[in-house]
Number of protein chains: 2
Amino acid sequence: MTDTLKIVSWNINSVRFRIEIVEQFLREVAPDILCLQETKVIDGDFPAAPFRALGYDHILLHGQKMHHGVAIISRVPLVEDDRFDWQANREARHIGVRLPNGLRVENVYVPAGGDVPDREVNPKFGQKLDFVERMTRWSEGLSVPTLLVGDFNIAPLECDVWSHKQLLDVVSHTPIEVAALDGLKASNDWVDLGRHFHPDPARLFTWWSYRAKDWLASDRGRRLDHMWATADVAKTAIGHTVFEGCRSWLKPSDHVPIMTEFAL
Amino acid sequence: MTDTLKIVSWNINSVRFRIEIVEQFLREVAPDILCLQETKVIDGDFPAAPFRALGYDHILLHGQKMHHGVAIISRVPLVEDDRFDWQANREARHIGVRLPNGLRVENVYVPAGGDVPDREVNPKFGQKLDFVERMTRWSEGLSVPTLLVGDFNIAPLECDVWSHKQLLDVVSHTPIEVAALDGLKASNDWVDLGRHFHPDPARLFTWWSYRAKDWLASDRGRRLDHMWATADVAKTAIGHTVFEGCRSWLKPSDHVPIMTEFAL
DNA sequence: GGATTGGAGG
DNA sequence: CCTCCAATCC
């Protein structure tokens, strides 16, 4: 029996409102580390008790009131943690930790970018591109084994969306966003673990809008959530899972959890 | 076996939010007529279907958006209905019907009156007193058998509140409100059916604040809901019930239903 | 304490 | 569609 390390990323869209499905997921899947985005809660109000009750004693938070907010919850010890504020705007969009074996896990919530894909008329779109650019500058300088996970809010490939043509002008799949994400990816030769295990042209989605009347039947999904590894780390990855079923749970998030398993 | 008529009054604090307990109550108690206050819904959005499903085919509404709103729901036919606007301010605080036997049922939601019992500093308190005065002018001219029910938002007697002394300066039990209500009562020799069947000094409450940590243990109730009858109608009343138990139901209103049963 | 709306943000 | 908040009222 070989030991493995299971790391999950999940945009939970309010950890307080959805604490029951988080508990259910942890009971069923039992990952070692859970990276959450959009916790939407200040650190003092984070519902830590249910995690501790399930054996997740290491809880690191970077929350804020109302919006954004990220967290790393672990049942293995964590020896160092950081919170970056790349845009120096105090938005809680990053938390990073180092594991005892030296692996860094960086958990990021990239800005959604508003509705109109135009930097001039929609400042939020500009902020999103700027965020990815600043991440790129950071990534270029990295020299340690790293796993970069989170809600990147960009679906880069044609097979990452339900209709490439119909989404070309929809924020999350526009060429300018994809180019920015490609730049980030190239800046440290990141390995896209989702596609490493489910190569193009396989359909692979992690998000389905709440607005669809029947999200399952229409299946208008997008792959907005990602796990990227530096080459050394990618070599130890042995599998990658997208838990589509969670989109059907009671009071679901619009994102589903994704997981990579690593050999130790 | 003698036929009777059961009439209920209940401030429901949002009929949409509490439709389940209304259905439960109708199934358990099966009154003939239900008078609701604080329905908090425009007529077009009133949830009529659940009432029809239980045999209540006669649904008369005077609702408005967000606040106030009254309704009379009946499984016996209703031959006439009115909506008074005593203060000509378009607040939905009254609906009245006539039964085939000639009895009029008038359902009223008296303004709460704000926090400070002073006409000068708190206009809502003035509006409340004005409302009762205008009802009094209307009541003086009445000459038909009538049952007047609703949330009067005044607890007149010492035994209508958990502490007469501590509530003397609290809106709902101040001497000026009690005097106004006494004036209304005298204006047509109304019989207070609650006290007719549960005379002073018996404890009789119909409302307990949501704010108490343990409303049942502290029992800081008030009798804000009333059923008043003209003398001829009062003679046919055979019982009066306050359903305190409803305050413990799931998602309760802060008011409980009260019922009078009449011989036919 | 509990309900309603309206707006922001997704 | 769904969440959170701020304001308003009871």
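A note on names: the letters A, B, ... follow the listed sequences, proteins ahead of strands, and every chain is numbered from 1.
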Between CD1 of B:I12 and C1' of D:dC9 the distance, given in whole Å, is 18 Å

Would you say CZ of A:R90 has more than 12 non-hydrogen atoms from neighbouring residues, nucleotides or ligands within 6.0 angstrom? no

In whole angstroms, the gap separating C1' of D:dC2 from NE2 of A:H255 amounts to 12 Å

Measure up the B:Y109 and B:H68 rings against each other and bin them: parallel (under 30°), tilted (30 to 60°), perpendicular (over 60°). tilted

Using modelled atom types and a 3.5 Å cut-off, is there a donor and acceptor pairing between side-chain atoms of B:T260 and backbone atoms of B:H240? no

Taking atom P of D:dT3 as reference, at what distance in whole Å does atom CD of A:E20 sit? 12 Å

Specify the separation, in whole Å, of atom CD of B:E38 and atom C1' of C:dA3. 9 Å

At under 4.0 Å between heavy atoms, what does B:K251 touch on the DNA or RNA strands: base, sugar-phosphate, or nothing? nothing

If you assign each of A:M66 and A:G113 to its closest nucleotide in DNA chain C, which residue comes earlier from the 5' end? A:M66

Between C:dG1, C:dA3, D:dC2, which nucleotide gets closest to the side-chain atoms of B:F17? C:dA3

Tell me, which of residues 119-131 of chain B have any heavy atom that sits under 4.0 Å from an atom in DNA chain D? B:K124

Output the rounded distance in Å from CG (A:N13) to P (C:dA8). 18 Å

Presence of A:S14 side-chain N/O under 4.0 Å of D:dC2 phosphate oxygens OP1/OP2: no

May I ask you to evaluate whether B:R247 reaches the phosphate of C:dG2, defined as a side-chain N or O under 4.0 Å from OP1 or OP2? no

Are B:E133 and B:R119 close enough for a salt bridge, meaning some N to O gap below 4.0 Å? yes

Looking at the side chain of A:H67, which of C:dG10, D:dC10, C:dG9 is the nearest nucleotide? C:dG9

Proximity to the side chain of A:K65 - top-ranked nucleotide from D:dC5, C:dT4, C:dG1: D:dC5

A:K213 atom NZ is separated from D:dC2 atom C1', nearest whole Å, by 17 Å

note: A:D254, atom CG; D:dT3, atom P; distance rounded to Å ~ 9 Å

Which one, D:dC10, C:dA3, C:dG10, comes nearest to the side chain of B:H68? D:dC10

Within the distance-only criterion (no hydrogens, no angle test), does the side chain of A:D43 pair as donor or acceptor with the backbone N or O of A:G63 below 3.5 angstrom? yes

Check whether NZ of the Lys or CZ of the Arg B:R222 lies under 6.0 Å from the centre of the six-membered ring of B:W207 and within 45 degrees of that ring's axis. no

In terms of relative ring orientation, are B:F25 and B:W249 parallel, tilted or perpendicular, with 30° and 60° separating the classes? tilted

What's the closest nucleotide to the side chain of A:R18 if the choices are D:dC2, D:dC5, C:dG1? D:dC2

Closest approach to the side chain of A:Y210, judged atom by atom: which nucleotide of C:dG10, C:dG1, C:dG6 is it? C:dG10

Side chain B:R211 and base D:dC10 donor-acceptor under 3.5 Å: yes

Find the distance A:K40:NZ to C:dG10:P and express it as a whole number of Å. 9 Å

Distance col, row A:D214:CG vs A:L216:CG, nearest 0.5 angstrom, shows 6.0 Å

